[in-house]
Protein chains: 2
Amino acid sequence: MKSMSVQCALGLFAVALSGAALAADVKPADQIEIRQGGYTFMSWNMGKIKANLEGDFDAKQVAAAANVIAAIANSGMGALYGPGTDKDIGDVHTNVKPEFFQKMPEVGKLAGNFVAAADQLAKVAATGDAGAVKTAFGDVGKSCKACHDQFRAKD
Amino acid sequence: MKSMSVQCALGLFAVALSGAALAADVKPADQIEIRQGGYTFMSWNMGKIKANLEGDFDAKQVAAAANVIAAIANSGMGALYGPGTDKDIGDVHTNVKPEFFQKMPEVGKLAGNFVAAADQLAKVAATGDAGAVKTAFGDVGKSCKACHDQFRAKD
């Protein structure tokens, strides 16, 4: 089962990378800025869900936020890690470690975990069940952290 | 009917703004960067749909891209135009014109048109109908431009 799920994860990242041909027209510096834009926007939505779990739970807002995270997770961001995006370009800074580009099987596994967790969060958020959202939200957070710990350099 | 649809649009933007209380903890400079991140990410996905319409049509990629645009459109971005975000903050630059903050009924109408067009694009993209996607994509583009023409300053 473990090897099965790793294969699934690799498959998911392969899907994510399949848009690479289309992204070939996107300049490396733009790829960095677009992926950072996506993470920034996801982070805002993670923050909204956290605030809802800690305060009044607005199911509609939580579902909208979870939809953003799932949609971005499924957008094929792998295509935004093209050649030349492994280091700063002019004043465009990236925090990704060089190892990211050398450990694709591991990256694929982490990406697959993240997509699965984001899909699950969107699924339970649609039901308005705050308890289920709390669990799924925690799993998304863990899947983010797993990649950050390995592949994100300190600011 | 016209006044009805304007009311609807205002309602939609009011919903978008209802997250403002939660966003109160987000610093103005961060609000600007988050909203720009959202637009940057939507723009990448608009570009992917355009490329699909002009080349091989990958229905799965188009649907994923349309889902991103719709999810971000429905995320309550109105909350990212809080007090103090009407001008540059340090080295965080904004292209929004001051009039944006003075013409909320007009902004609400444009925002409502954009959300409706984005929802329609996601709906038809899910069917894989390239012709319907082309029409809906054009409508989203028009709804973006309508706001940019009025409220976005030149770079």
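Naming convention: chains lettered A, B, ... in sequence-line order (proteins, then strands); numbering from 1 in each chain. Quantities reported herein were computed from a predicted structural model and do not represent experimental measurements.
For a residue to count as touching a neighbouring chain, one of its non-hydrogen atoms must lie under 4.5 Å from one of that chain's; by this rule B:Gln36 does not touch chain A.
A:Val26 and A:Ile32 fall into different hydrophobic clusters, where Ile, Leu, Val, Met, Phe, Trp and Tyr are joined by side-chain heavy atoms under 4.5 Å apart, directly or via other members. Linking ILVMFWY residues whenever their side-chain heavy atoms come closer than 4.5 Å, directly or via other members, leaves B:Val92 and B:Leu80 in distinct clusters. Residue B:Phe101 is not grouped with residue B:Ile89 when hydrophobic side chains (ILVMFWY) are merged at heavy-atom distances under 4.5 angstrom, including chains of intermediate members.
Nearest heavy atom pair, residue B:Trp44 against residue A:Gly76, reads CH2-O, 3.6 Å.
Residues of residues 120-130 of chain B having a heavy atom under 4.5 Å from any heavy atom of chain A: none. Residue-level contacts of residues 136-149 of chain A with chain B do not occur; threshold 4.5 Å between heavy atoms.
Side-chain contact between A:Phe41 and B:Met77 is present, with heavy atoms from C-beta onward closer than 4.5 Å.
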Scan the side chains in residues 64-71 of chain B for donor-acceptor partners under 3.5 Å anywhere in the protein, sequence neighbours excluded, and list what turns up.
none

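By the side-chain hydrogen bond (donor to acceptor under 3.5 Å, both in side chains) test, A:Thr85 is found to be paired with A:Arg35, residues two or more places apart in sequence or in another chain being considered.
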